[in-house]
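When a ligand or atom number is given, it counts from 1 through the structure's own listing order. The first residue of the sequence shown is numbered 1, and numbering continues consecutively from there. Because only heavy atoms are used, hydrogens play no part in the values below, and waters and symmetry mates are left out as well, while side chains stay in.
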Amino acid sequence: MSKLFGTFGVRGIVNKELTTKTALELGQALATDLGNRGRVAVGRDNRTSGVMLEEALIAGLNSGGCDALRLGLAPTPVLSFATRYFSCDAGVMITASHNPAEYNGIKFWDSDGAGFQRWREEKIERILSRGPKMVGWSKIGHSESAEALPHYFDAIKKRVPKFKRGLKVVVDCANAVGNLVTPKLLRELGCKVVSLNSQLDGTFPGRKLETVPENLEGLAKTVVSCKADLGVAHDGDADRTIIVDERGDIISGDRVFAHVALHYLSGKTRPKILTTVATSSVLEDVATKLGGEVVRTKVGEPELVGELRKNGGDIAGEENGGVIFPDWLLCRDGIMTAVQFIAALDNTELKTSEFNLTLPVYFQIKRRLECPNHKKAKVLDRLAKRFSGHRISRKDGLRIEFEEGWLLLRPSGTEPIFRCFAEAKTEKQAKKIADLGMKELKAAIRQS
Ligand code: MG
């Protein structure tokens with residue numbers, strides 16, 4: 001069997017790349033992996049294919065001897081929370097996160113609420129290729145329903161004091177499952193909430209699900225026209241958050257992470273911030289303010305969780321706006337991210353745009369260049385030699401530190417391209433670094 005799991009579980013277009021048969025077999029394989037016993041929490045986002053895949057997956061779990069705890073509609077962080085809260089042996093989330101409506105996906109979670117690491121997914125792939133084990137009729141599992149949302153609400157409200165400023169927030173959950181939690185939670189914490197794209201609709205008519213600036217124009221306009229203090233946007237399963245300030249300007253994911261980290265870790269002795277090689281230097285500024293350190297990993301949530309488990313850390317996050325609070329959940333939680341950002345802002349008298357400027361500003365440029373997969377390793381070696389006079393890191397691609405900023409040249413894991421990220425304190429310097437990166441990348445590809 002070929003590699004089934006991608007970066008975030010199994011994902012594909014429904015009834016083409018991802019079928020009920022796959023869901024059934026994945027359920028059986030997970031049951032086999034768990035020793036044909038135990039209980040598995042199952043949640044799903046509100047895609048039109050969700051119920052169908054859920055039924056197939058639960059049939060698979062039951063035929064493999066596992067009980068299923070049906071959570072129904074839930075954001076991904078709620079599934080992670082519930083897996084631990086209900087002491088399940090594993091969790092399964094049926095979601096395709098930020099992908100369009102025709103996609104769906106299946107992702108497995110450990111009993112501690114963290115997504116399966118790559119080695120565990122490989123184990124599932126091996127079970128699938130051997131053929132999963134089914135149990136005799138008397139050992140078939142059963143399924144029951146459970147309500148996770150009220151417990152998740154209560155747990156957050158126990159941790160977070162009520163806000164004082166009565167900030168007006170526009171919440172855009174893109175007709176997806178974030179609507180089940182974020183608007184109500186922010187209201188109960190003391191915000192005035194205006195909901196946008198708040199009806200659950202698995203065709204996602206309001207906007208595209210990925211929280212990138214081109215999809216958030218509606219939110220930005222609404223924030224300005226409602227004279228709101230800020231806007232909050234989630235992706236399809238609410239494990240990411242992007243913020244819009246009162247002028248309608250987007251605050252990027254790494255800055256959201258930085259503000260949240262500064263607030264969440266204040267008062268902590270020498271805190272450790274985990275992030276990837278692709279995130280802004282503003283995290284180093286935050287670490288300096290806190291007297292702590294930044295540890296950089298490869299790109300991706302599993303890398304961050306792997307590092308958290310191995311060497312520990314106080315917070316972890318990526319540039320896409322997904323933050324992990326390890327003393328809360330071992331899963332990116334966009335809802336908690338929004339709550340903590342607002343808590344930080346609520347502590348000040350500032351407008352959101354002014355608050356954003358309390359951390360240094362950096363300019364980022366992101367480009368890409370085609371490169372055949374078989375050349376990627378050679379190109380990287382060449383680039384490492386070319387920049388050997390600088391401080392470099394080869395953790396994931398090649399990151400080069402300059403006086404004015406940094407450059408990341410990184411081959412994509414899924415497409416035949418190299419990505420070129422540059423960051424500096426001015427736009428001109430960032431462009432200069434990006435131009436240099438593209439020039440050297442072109443030369444290295446030509447010579448390889
Ligand atoms: Mg997501």
Determine which of the N, O or S atoms in D239 is closest to the Mg ion (ligand 1) and give its atom name. OD1
Under the 6.0 Å and 45° cation-pi test, does K107 pair with W109? yes
Side chains of D89 and S111, donor plus acceptor under 3.5 Å: no
What is the name of the N/O/S atom in D235 that sits closest to the Mg ion (ligand 1)? OD2
Taking T182 for its side chain and N179 for its backbone only, find out whether a donor-acceptor pair lies under 3.5 Å. no
Minimum-distance N/O/S atom that D237 presents toward the Mg ion (ligand 1): OD1
When you check the side-chain N and O atoms of T22 and T19, is any donor under 3.5 Å from an acceptor? yes
Is the distance from the Mg ion (ligand 1) to the nearest N/O/S atom of T95 under 2.8 Å? no
